[in-house]
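Data block below; observations after.
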Amino acid sequence: MDQLFEFVYILIDKKQVTAQEMAERFGVSTRTVYRWVDTLSISGVPVYSTKGRGGGIAISEKYALDKTVLSEEERLSIVSSVKALSSLSGNMKGAEKLSNLVTTNTDWLEVDFAPWSPEGSGVRELFGLLRDSILKKRQVIFDYYTGDGRIERRTVHPWKLIYKGQAWYLQGWCTTRNAERFFKITRIKNLMLTGRTAQTRSALVQENKQTKAHEQKSPQEFKQPPLIEIKAKVSAEKISYLMDSFICSEVTPHKDGTVTTTFTVPEVDWLYEILLSFGPNMKIVSPKAVREKVVALAKGVVKLYK
């Protein structure tokens, strides 16, 4: 079965082949190749052979793709995925070629992970370098801006690019911390690929499983912070901006031009920065601890400008 599928793909790619060429490729006789042609024809694949000079074995490419190899829905999913990833590299040629494989409109989806700022092209370049480092298994060195305001030089064995929570992360082994780490791509600066080979996750974990650092940092992909439910009163003209950041439920409009809503969010530092950004257009109703922290941050802003 595997040989038959490979035979079909070769026909699709080369348009036409000779029986002798396929016999040599698969290590079989030309009689076997012709038996494959008969088998595919009986199965509904329009494979045919032509005699004479310039003849050979051929296949109706469009029918093979539409009816035999992949369904329309499967091919549309592949094209959409390729278009999404191509937006990061900026090279859409591959997606354009694959678009010919489907009859459905492929313009329904456009993905651009780069920010709105003019520096968006820098994100694509950074993504491309990280992708190359992973595929080529090369260590990388970069400056990383930590959450507490420090700038640290890191050497990393890159393993995977992950998109989670509206941001891209690099997963890999940090030699500085001697542990597995996740690096937010927007905080990476001055990235350089080295000539040193990057080790796989399994190899590094095995080497360091006896160390205290590894025991404390088990390979969990994103430790989930605790969730809290917030109830807030928001100006009607600003509720849409809140919906851009969180999933709002129980949205209740009032005659005074405000809207009461609730939303469940992770209790992390950046949460309060988002809440504070609404200024006088949002009042936290509950919980009390969240309201008090927003008030404290607001007082800090006032103090800064006095």
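In this structure, Thr18 and Met22 have side chains that are not in contact, with every pair of non-hydrogen atoms separated by 4.5 Å or more. At a threshold of 4.5 Å between non-hydrogen side-chain atoms, the residues His254 and Lys233 count as touching. Side-chain contact between Thr155 and Arg196 is present, with at least one heavy-atom pair separated by less than 4.5 Å. Between Leu170 and Pro158, the closest side-chain pair of non-hydrogen atoms falls below 4.5 Å.
Here the OG1 atom belonging to Thr175 is positioned 10.5 Å from the CH2 atom belonging to Trp173, to the nearest 0.5 angstrom. The distance from the CD atom of Glu21 to the CD atom of Gln16 is 10.0 Å, given to the nearest 0.5 Å. Expressed to the nearest 0.5 Å, how far OG of Ser133 lies from CG of Leu161 amounts to 7.5 Å. In this structure, the separation between CD1 on Ile230 and CG on Leu275 is 5.0 Å, given to the nearest 0.5 Å. Distance check: Leu193 CG to Lys136 NZ gives 7.0 Å after rounding to the nearest 0.5 Å. Here the CZ-CZ distance, from Arg177 to Arg154, works out to 4.0 Å after rounding to the nearest 0.5 Å.
Under a cut-off of 6.0 angstrom, the local environment of OH in Tyr272 is crowded, with over 12 non-hydrogen atoms contributed by other residues, nucleotides or ligands. Remark: Phe278 CZ is packed, more than 12 non-hydrogen atoms of other residues, nucleotides or ligands lying under 6.0 Å away.
Considering every non-hydrogen atom in both Glu229 and Pro287, the closest pair reads O-CD, 3.4 Å. Nearest heavy-atom pair across Val285 and Arg291 is O-NH1, 2.7 Å. Of all heavy-atom pairs between Cys248 and Thr261, the closest is CB-OG1, 3.3 Å. When all heavy atoms of Ala232 and Phe263 are compared, the closest pair comes out as CB-CE2, 4.2 Å.
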| said: I'd like to know whether Lys303 forms a side chain to side chain contact (heavy atoms under 4.5 Å, CB included) with Tyr305, so could you lay out the CA-CA distance, the side-chain angles of the two residues, the decisive distance to 0.1 Å, and finally the verdict. | reply: CA-CA 5 Å; Lys303 183 179 179 180; Tyr305 281 93; over 6 Å; no
| What's the verdict on side chain to side chain contact (heavy atoms under 4.5 Å, CB included) for Leu242 and Ile239, showing C-alpha distance, side-chain angles and the deciding distance? | CA-CA 5 Å; Leu242 186 63; Ile239 184 64; 4.1 Å; yes
| request: Give the intermediate values and the outcome of side chain to side chain contact (heavy atoms under 4.5 Å, CB included) for residues Val47 and Ile57. | output: CA-CA 7 Å; Val47 179; Ile57 303 169; 3.6 Å; yes
| request: Begin with the C-alpha distance, continue with both residues' side-chain angles, and end with the deciding distance and a verdict on side chain to side chain contact (heavy atoms under 4.5 Å, CB included) for Asn281 and Glu237. | output: CA-CA 9 Å; Asn281 293 296; Glu237 62 270 18; 4.3 Å; yes
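Results of the side chain to side chain contact (heavy atoms under 4.5 Å, CB included) test with Val156 over Leu191, Val140, Ile141, Thr176 single out Val140 as the only residue that passes.
Using a 4.5 Å cut-off between side-chain heavy atoms of Ile, Leu, Val, Met, Phe, Trp and Tyr, with links allowed through other members, Leu304 and Leu297 fall into the same hydrophobic cluster. Using a 4.5 Å cut-off between side-chain heavy atoms of Ile, Leu, Val, Met, Phe, Trp and Tyr, with links allowed through other members, Met192 and Ile185 fall into different hydrophobic clusters. Cluster membership for Val251 and Val265, using ILVMFWY side-chain heavy atoms within less than 4.5 angstrom, is shared. Using a 4.5 Å cut-off between side-chain heavy atoms of Ile, Leu, Val, Met, Phe, Trp and Tyr, with links allowed through other members, Tyr241 and Ile284 fall into the same hydrophobic cluster. Taken together through direct or relayed side-chain contacts under 4.5 Å among Ile, Leu, Val, Met, Phe, Trp and Tyr, Phe182 and Tyr145 form parts of separate hydrophobic clusters.
At a threshold of 4.0 Å, the pair Asp143-Arg153 counts as salt-bridged, since one of the basic side-chain nitrogens sits closer than that to a carboxylate oxygen.
With Arg131 contributing its side chain and Leu129 its backbone, the two residues share no donor-acceptor pair below 3.5 Å. When atom types are taken as modelled, the side chain of Trp159 and the backbone of Gln199 share a donor-acceptor pair closer than 3.5 angstrom. Between the side chain of Ser41 and the main chain of Val37, a donor-acceptor pair closer than 3.5 Å is present. The closest donor-acceptor contact from the side chain of Ser49 to the backbone of Gly56 lies at 3.5 Å or more, if one exists at all. Without hydrogens or angle criteria, Thr194 side chain to Gln139 main chain gives a donor-acceptor distance under 3.5 Å. One N or O on the side chain of Thr39 and one on the backbone of Arg35 form a donor-acceptor pair closer than 3.5 Å.
The ring of Phe183 has its center closer than 6.0 angstrom to the ring center of Tyr144.
Phe7 and Trp36 have tilted rings, their planes meeting at an angle from 30° to 60° on a 0 to 90° scale.
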